[in-house]
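Residue numbers start at 1 and run along the sequence shown. All values below were derived from every heavy atom in this structure, side-chain atoms included, with hydrogens, water molecules and symmetry-related copies excluded.
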Amino acid sequence: MSEITESARSEACTLRLDKCNGFEGVVFAHKNGGRSGMGQKYLDEDGKDVGFYACHYCHSTYDGQMPHPYYKIKFLMEMAEFAIRETDKKLVKKGLK
């Protein structure tokens, strides 16, 4: 586990979908290329992880394991970009980016 993935402990979910659990089971969710991108971990130009803090519900919905009745992939990808920006600000404050 990298320092970035470990940094998710005690953080709040930054994706915040409709049934978000907030602080419960938050992990660092790696950016993917949609539902087909599960397992592919994105890295930035410095080799650092790219992603966001996500509770179990938000992470499962983003990865397509828990399909949502009306969230489309494009919407989830847009929401993830906002979450990535918010998470990156927290990572900078922690000295991890």
### Query
What is the minimum heavy-atom distance between Cys55 and Asn21, and which atoms define it?
SG-N, 3.3 Å
### Task
Start with the C-alpha gap between Lys94 and Glu3, add the side-chain angles, then the distance that decides, and say whether side-chain contact (heavy atoms from CB on, under 4.5 Å) holds.
CA-CA 10 Å; Lys94 292 179 179 189; Glu3 287 181 319; over 6 Å; no
### Cluster check Met77, Met66: I/L/V/M/F/W/Y, side chain < 4.5 angstrom
yes
#### Entry: Atom of Lys97, atom of Ile4 and distance for their closest heavy-atom approach
CE-CD1, 4.2 Å
### Message
When you group the ILVMFWY residues by side-chain heavy-atom contacts below 4.5 Å and let the links chain together, are Val26 and Val50 in the same group?
### Response
no
### Message
Tell me whether Leu15 shares a hydrophobic cluster with Phe23, the cluster being built from Ile, Leu, Val, Met, Phe, Trp, Tyr side chains joined at under 4.5 Å.
### Response
no
### Message
Restricting to side chain to side chain contact (heavy atoms under 4.5 Å, CB included), what partner residues turn up for Glu81, sequence neighbours left out?
### Response
Lys31, Ile84, Arg85
### Query
Could you state the interatomic distance from CG (Leu17) to NE2 (His59), rounded to the nearest 0.5 Å?
12.0 Å
### Task
Begin from the C-alpha positions of His30 and Thr5 and carry the test side-chain contact (heavy atoms from CB on, under 4.5 Å) through to its verdict.
CA-CA 9 Å; His30 287 87; Thr5 56; 3.6 Å; yes
### Message
Working to the nearest 0.5 angstrom, can you tell me the gap between His56 NE2 and Cys13 SG?
### Response
12.0 Å
### Task
Check the angle between the aromatic planes of His68 and Tyr71 and answer parallel, tilted or perpendicular using the 30° and 60° thresholds.
parallel
### Query
Are any of the side-chain heavy atoms of Phe28 and Phe52 separated by less than 4.5 Å?
no
### Leu91 side chain reached by Asp49 side chain, heavy atoms, under 4.5 Å
no
### Query
Does any N or O in the side chain of Lys19 come within less than 3.5 Å of the main-chain N or O of Tyr57, such that one atom is a donor and the other an acceptor?
no
### Query
What are the two closest non-hydrogen atoms of Arg16 and Cys58, and how far apart are they?
N-SG, 3.9 Å
### Query
Hey, is CD on Glu6 packed in by over 12 heavy atoms from elsewhere, all under 6.0 Å?
yes
### Pairwise side-chain contact, Tyr53 with Ser7, heavy-atom cut-off 4.5 Å (strictly under)
yes
### Task
Verify the neighbour count for atom NZ of Lys89: are there more than 12 heavy atoms of other residues, nucleotides or ligands below 6.0 Å?
no
### Message
Determine whether Thr87 and Glu11 satisfy the following criterion, side-chain contact (heavy atoms from CB on, under 4.5 Å), listing intermediate values before the conclusion.
### Response
CA-CA 10 Å; Thr87 302; Glu11 286 290 340; over 6 Å; no
